[in-house]
Amino acid sequence: MGDWLRINDWVHEGSLFLANEMMGLTPWPGQAEYLGFFIEKMVLCTLIFGGIMNTMFVILWMERKILGRLMDRRGAITAMRSLWVGENGVTAGAWWDKVPYGLGRPIGALNGFLNRVAGNRDPKHPTVDRVNNRSWHGVWFLFPGFFQNLADGMKFMTKEHMVPSKADKWIYEIAPFLIISSTVVILGFIPFSENFYAINPKLSVLFMMAIFGIAPLGVFFAGWSSNNKYTLLGGIRSAAQLTAYEIPMLIAVLSACILSGTFNLVELVDNQHYAGSWNLFLMPLGAAIFLIAMVAEVERIPFDMPEAEAELVEGWWTEYGGMRWGLMFSAEYMRTYAACFLFTHFFLGGWHAPFQGVIGSIPILGTGYLLIPGITWTLLKAWAVFVIFAWLRAALPRIRTDQILEFGWRYLLPLSIVQLVIVVFMRLYLFDAENLRFGDRGGFAWDGGIGLFLAVPVIVTFIFSVLFVLYSLDEEPGDMVERPFQAQTLEPAGTHKAGE
Amino acid sequence: MPMHKHAKPNFRNLFIKPFWMTLKTALRTFPIIGKRFSNGYHNKKAVMLDAGSMNRVKGSKMNKVGKQEYAADRESSTLVPSIWRPVTIMYPYERLEDMEPWLFVPGNYNGRIGVIWETCTACKLCVKICPNDCLHMTTELRVDVLDSAEGENSGYGGELEVGGYAAVEIEGIADEHSERDPITAHDAPVDEFRFAEVIDLSGSSATVRWNDSGVEEVMEQSDLLVADDQIVSGRIDMGRCMFCGLCMDACNFTSFFMTNEYDGMSGFSRQELWFDASRTRVLVNEHQEAVDAELAHRAKREKEKREKAAARAAKKAEA
């Protein structure tokens, strides 16, 4: 059943074998399983954290690229620039050629070639050319700019650690670790696939949500202890905002748990598949609430009031510098990435392929389709969710604190409760547990209790789509201005002769 | 205050529209898809405003403007044409609201003053309220819209009289004015009318002396429009204007506006900031609804006045 990439099993067997071999050399061979457990968890944590941290580079890279395109602000890519074109047409190839014993010659020649073929030369626009030729734009398979984050990290590492003289030193030092450690703990609970996770307690969803709620405390500590009005304001805003959005988020998660009938993340994902429909199609409203609340929780635009750089310098982390700042900044992205994974698992069926049942039943193609390891789908879905995060950031402006709170308390909270009620009724009356199928193809439990094949997700999605379209229509499309829009005077400046 | 339709804070404008616009922008960056959303501003030769501008830029060695393409090509290399580079918007050849239409000028933006002179009644409320004293009133020869109105509002204007003025619409001018795009046009529209002094009226014909040529001519009265030399005209010193919009608020006749236009208010001397009527003018067809409403209002008043006068005359006759 399922994924052939059974990392957990392999690691379990391997570490047990290793532990047995090692403990066999000692007088206590009976203790091997404890050592095995230790090795297994160490290896798995390393794999999971390594996997998440490394794939997080993609998120950072995507954010720049997607925002650049959404906002039409694509600029020069500077990270790999020194490898390609230098200033004034002096190529880095010339530099490589100077490496002793001609060791750099091949790279120099390659640089020269790339410069000639793909260099940013444009004889039609000499002036523009001079400005734009600061760098070469690269090709996609080289991931130019991908390593900017590593370079940033190196820079932060070498920076001095400074504490404001009147800061509350202990709290000031503890706050970043509170934030970062609690963020990293979330990552440990995120499964990559059915058989690739670090730990999987029975109530993992509950635990994860509880951990998610610790970081705001650290944020408030950081804001308070810096002894700076901007950080304090940022901390207070953060506390108010996170409190307002935590509750609708938890209720939305609760709805998802009710639909899937479990508080365990791995089971929750699998149950979506066994029941035949992703939760997104059963509770679009809840998914939207969860997404909005998550954007607020990770303090991204449009809910980035706590760090509103236009008014609060940099919000609650104004006073931090060096690697502490770097870690807190990366913690923001870790939380964002974790939010993407959570959305994937709660609503997008986690590691299950789209239309797994339908495509999986095609004779040869389907077999190949099912061979794609689940981690591929998890990552692809998480990145796709991040596209929405970036799109939100490009499209929407930052909103005011009172609007944030009003939206959270007066709209999201009641809506989430409505969603909860709907979900309870759906689970009670429209769910048919007999049609659960525990296999690759998935089942069809959402048949409305009367045997209509997957009627519930189709109807629910249709209803919510119609509501969405109705709501987004303009109320008075023909309503035009009373004042002239774009009226223009008749003579341009400079052509008018005074006194005529 | 009426708002631009995109300024209404509803779900569509706050949420759906920004998403669609950013998506469109992102799609534009991939030429294969993006050309369907192209605004047609790229890869065109520069068209100078006028000969003067052309002369100013022609001689420069550093900046051969006449030979360069404005709205420069966004493709950064021939090998990977899908990667574009950012290009500065070449104002005034390109305008921001064309390139990035979500950055529209809001409907309540107080820009350059624009007046529908045809509906101005010279009440001088705007002149009185102007705190900076930048409005001035004169008179000029013009056709009153009420005189030339058609349909249900016709017949309430003035009539030709000896010593007064008449006008004839120049042929084809209506087409020219309707084709004129007020957003991209940089030159003033040509005159609409030829004016003449009425020398004599007899029967259905009139003897007129054309103002432009001084030639006398006998015309059918039905071909002539009534013109008036007492129609108000204004001069506005934009150099003193602080764009408070009080004049617009003071205007009772929907004829005084602060337009959304942010350019065309510069010059090489202070005198050039004296805008006479033609530079502040908003053409009737550019804002037909306001003119129509005003016209109906006036025709109604004129009608009531005439009915009252007729009733009074009837009463008098009875008595």
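Everything quoted here is computed from the prediction, not taken from an experiment.
At a heavy-atom cut-off of under 4.5 Å, chain B is reached by Trp391(A), Leu392(A), Ala394(A), Ala395(A), Leu396(A) from residues 380-403 of chain A, listed in order of number. Residues of residues 287-300 of chain A never come within less than 4.5 angstrom of chain B, heavy atom to heavy atom.
Atom-to-atom distance recorded for Tyr471(A):OH and Phe15(B):CZ is 10.5 Å, nearest 0.5 angstrom.
Neither the backbone nor the side chain of Ile116(B) comes within less than 4.5 Å of any heavy atom in chain A.
Taking the side chain to side chain contact (heavy atoms under 4.5 Å, CB included) definition, one finds that Ala293(B) meets it with nothing, sequence neighbours left out. Considering only residues two or more places apart in sequence or on other chains, Leu413(A) meets the side chain to side chain contact (heavy atoms under 4.5 Å, CB included) condition with Ile247(A), Pro248(A), Ile251(A), Trp409(A), Ser416(A), Ile417(A).
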